[in-house]
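For reference, the structure discussed in these notes is given below.
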Amino acid sequence: MNEDVICAISTPPGMGAIAVVRLSGEGAIALVDTIFISPSGKKLISQQPNTVHFGRIYEGKEVIDEVLVTLFHAPHSFTGEESVEISCHGSLYIQQKILELLVSHGARLAQPGEFTRRAFLNGKFDLSQAEAVADLIASTSQVSHRVAMNQMRGGFAQKLNELREELLQFVSLVELELDFSEEDVEFADRRQLHELTKKIETDIEKLANSFKLGNAIKKGIPVAIIGETNAGKSTLLNALLNEEKAIVSDIHGTTRDAIEDTVNIGGIVFRFIDTAGIRQTSDTLENIGIERTFKKIEQASIVLWVIDLTAPEENLRKTAEALIPKLNKKQVILLFNKADLLSPEDATPMQLSLSSFPKAMTKEPAFSSTQKAHPKQHLLPELKAERLFISAKTQQNIDQLQSLLVEMAHIPQIGENDVIVTNLRHYEALKKALEAIRRVKKGLNDDLSGDFLSQDIRECMFYLGEITGQITTDEILGNIFSHFCIGK
Ligand SMILES: Nc1nc2c(ncn2[C@@H]2O[C@H](COP(=O)(O)OP(=O)(O)OP(=O)(O)O)[C@@H](O)[C@H]2O)c(=O)[nH]1
Ligand SMILES: [Mg+2]
């Protein structure tokens, strides 16, 4: 299908010990022969596939580098085409020079994702698997790696194909009936059709519902850091990220806009969002920031409410008034911050509470009635939340907070065969497929005629086919592969 030989550097931009230049397309091996000489003088074109050859790359009489060349014959390569990988030394100059030489001998620089696109077009895998390659490259945690790996190995594609098979069987029954409509026969047992629709609906629903988890795995579990101004939210963000990401100052209202970044804790990626502190203010910009804080709470899976132990109780009461109505159904951790500033008298019961972990991780306040509680410990008793004393500044108890977060993330164990949707494009298509199959269900209930049913069944199949690439347009393909890096 593709006539030209494409080439690109497939290792990350920059200098490393070695770099890999990759070529694909018919004639790739002969092309490399024009700039490569092995000690034996044998041409690469006469060598066996899947073999590696040492030799030198020349520009005219000048040696550019000593390299290893790996040969692949069609169709046994990543792209399904004749391919070559040149492992050279990682100098930027060498990498560029080899590319230049290849281009001057007839190769073309590859577009982003063009190798994977060719692999897809040559039937090496379906579209959802091709997209998983991008996810696999981008994976930053064990869980996201596993999910991408499952998808690349074809679990999702297989599930979708099973569904399409069922739909095909369904639609052929309905359409067969249409052919004999004059004779008023019923090939398709209505009850059986009902059951089949219900099963397909449940299956698609399950896939679509897995997107919330899949997205959290891929993009990070959203955790909003909220509270009154000056409570130490930005200090906490920095402590969690281990980086001076947000500006910290003792001026109230320092953070105006939400600031976010991801970090991997215990194999799970969290996306922490520092927000503008809540207070009454006439500052327009700050008020916009506070509105955003409320939006971020809505989007968050976990909310860290930072409370300044040294601030007047009145502040907290006011903040609570604004916040508590927004925290319905949210997983909340109350963080009593600036514990390092507590007087020894106050600190003693606090230490007690800290030593009573993991009890302090339960929903109950950590103090027993016989212990003297810190006066603020029992604030907000109406809020169902975890409670923890911390010092964002000295990082006291931040490790406890991290364990608590991992526990609250509720990432289930993901097995080898679990299918989890992580891609927005797939999710959108699944939602449309779901709408279509629900129309079929309703149609069956309303005793609609077969041609209406078959139209909706076919629409459902269309959207499932869009995911795997059985139905695609150049536009969709262009969109997907342009997000790949060059060389992939
Ligand atoms: N002693 C002590 N000081 C802290 C702690 N956490 C924060 N601070 C100080 O409290 C002040 C406010 O901290 P920030 O992190 O900017 O507070 P914030 O909640 O982001 O404030 P706004 O952005 O204004 O809403 C700074 O002077 C911090 O150094 C802590 O655990 N202990
Ligand atoms: Mg701040």
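Indexing begins at 1, ligand by ligand and atom by atom, following the structure's order.
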CG (Leu341) with more than 12 external heavy atoms under 6.0 Å: yes
### Query
Considering residues, nucleotides and ligands other than Gln331, do more than 12 of their heavy atoms fall under 6.0 Å from its CD?
yes
- May I have the step-by-step check of side chain to side chain donor-acceptor pair (under 3.5 Å) for Thr79 and Ser24, ending in yes or no? CA-CA 7 Å; Thr79 55; Ser24 183; 2.8 Å; yes
query = Side chains of Glu228 and Leu316: does their closest heavy-atom pair fall under 4.5 Å?
reply = yes
Ligand 1 atoms nearer than 4.0 angstrom to some heavy atom of Ser391 are 30 (C), 31 (O), 32 (N)
### Message
With nothing but distance in play, are any N or O atoms of Ala392 less than 3.5 Å from an N or O of ligand 1?
### Response
yes
Taking every heavy atom of Val147 against every heavy atom of Ile420, the minimum-distance pair comes out as CG1-O, 3.9 Å
Of Lys338, Lys233, Arg256, Gln396, the one whose closest heavy atom lies nearest atom 9 (C) of ligand 1 is Lys338
Candidates Thr229, Thr235, Thr254, Asn238; heavy atom nearest atom 14 (P) of ligand 1 found on Thr235
Checking heavy-atom distances from atom 23 (O) of ligand 1 to each of Ile226, Ile247, Thr255, the winner is Thr255
Closest to atom 6 (N) of ligand 1 among protein heavy atoms sits Asn337 ND2, 3.2 Å
**Asked** Of all the atoms in Ser234, is at least one N, O or S atom closer to the Mg ion (ligand 2) than 2.8 Å?
**Response** yes
field: CA sep, side-chain torsions, deciding dist, call: Asp274, Ser234, side chain to side chain donor-acceptor pair (under 3.5 Å)
entry: CA-CA 6 Å; Asp274 179 22; Ser234 301; 2.6 Å; yes
For Asp250, the atoms of ligand 1 under 4.0 Å from one of its heavy atoms are 27 (O)
Item checked: Output field: ring centroids His426/Phe211 closer than 6.0 Å -> no
- Task: Could you walk me through whether Asp126 and Ser128 pass the side chain to side chain donor-acceptor pair (under 3.5 Å) test, one step at a time?
- Result: CA-CA 6 Å; Asp126 80 1; Ser128 71; 2.9 Å; yes
for atom 30 (C) of ligand 1, nearest protein heavy atom and its distance come out as Lys393 CB, 3.3 Å
Q.
Below 3.5 Å, N or O to N or O, backbone or side chain included: is there any such pair between Ala339 and ligand 1?
A. no
Practice item. Using a cut-off of 6.0 Å, state whether more than 12 heavy atoms not belonging to Lys318 lie near its atom NZ. Key: no
Ligand 1 to Ile251, heavy atom cutoff 4.0 Å, flagged ligand atoms 24 (O)
Among non-hydrogen protein atoms, atom 1 (N) of ligand 1 lies closest to Asp340 OD2, 2.9 Å
Among Ala239, Gly232, Ser249, the residue with a heavy atom nearest to atom 11 (C) of ligand 1 is Ser249
the protein heavy atom lying closest to atom 21 (O) of ligand 1 turns out to be Asn230 N, 2.9 Å
Crowding at CZ, Arg153 (>12 non-hydrogen neighbours, <6.0 Å):
yes
For Leu341, the atoms of ligand 1 under 4.0 Å from one of its heavy atoms are 1 (N)
cation_pi(Arg387, Phe336) dist<6.0 Å, angle<=45 = no
Ligand 1 to Gly253, heavy atom cutoff 4.0 Å, flagged ligand atoms 24 (O)
of all protein heavy atoms, closest to atom 28 (C) of ligand 1 is Val248 CG1, 3.6 Å
**Prompt:** Thr394 near ligand 1, heavy-atom distance under 4.0 Å?
**Reply:** no
Mind checking whether Phe272 and Leu405 have side chains closer than 4.5 Å, heavy atoms only? yes
Q. So, Thr255 and the Mg ion (ligand 2): N/O/S under 2.8 Å, yes or no?
A. yes
Counting from 1 in the order shown, the ligand 1 atoms closer than 4.0 Å to a non-hydrogen atom of Ser234 are 15 (O), 18 (P), 20 (O)
Would you find more than 12 non-hydrogen atoms of other residues, nucleotides or ligands less than 6.0 Å from Gln299 atom CD? yes
Ligand 1 to Gly277, heavy atom cutoff 4.0 Å, flagged ligand atoms 25 (O)
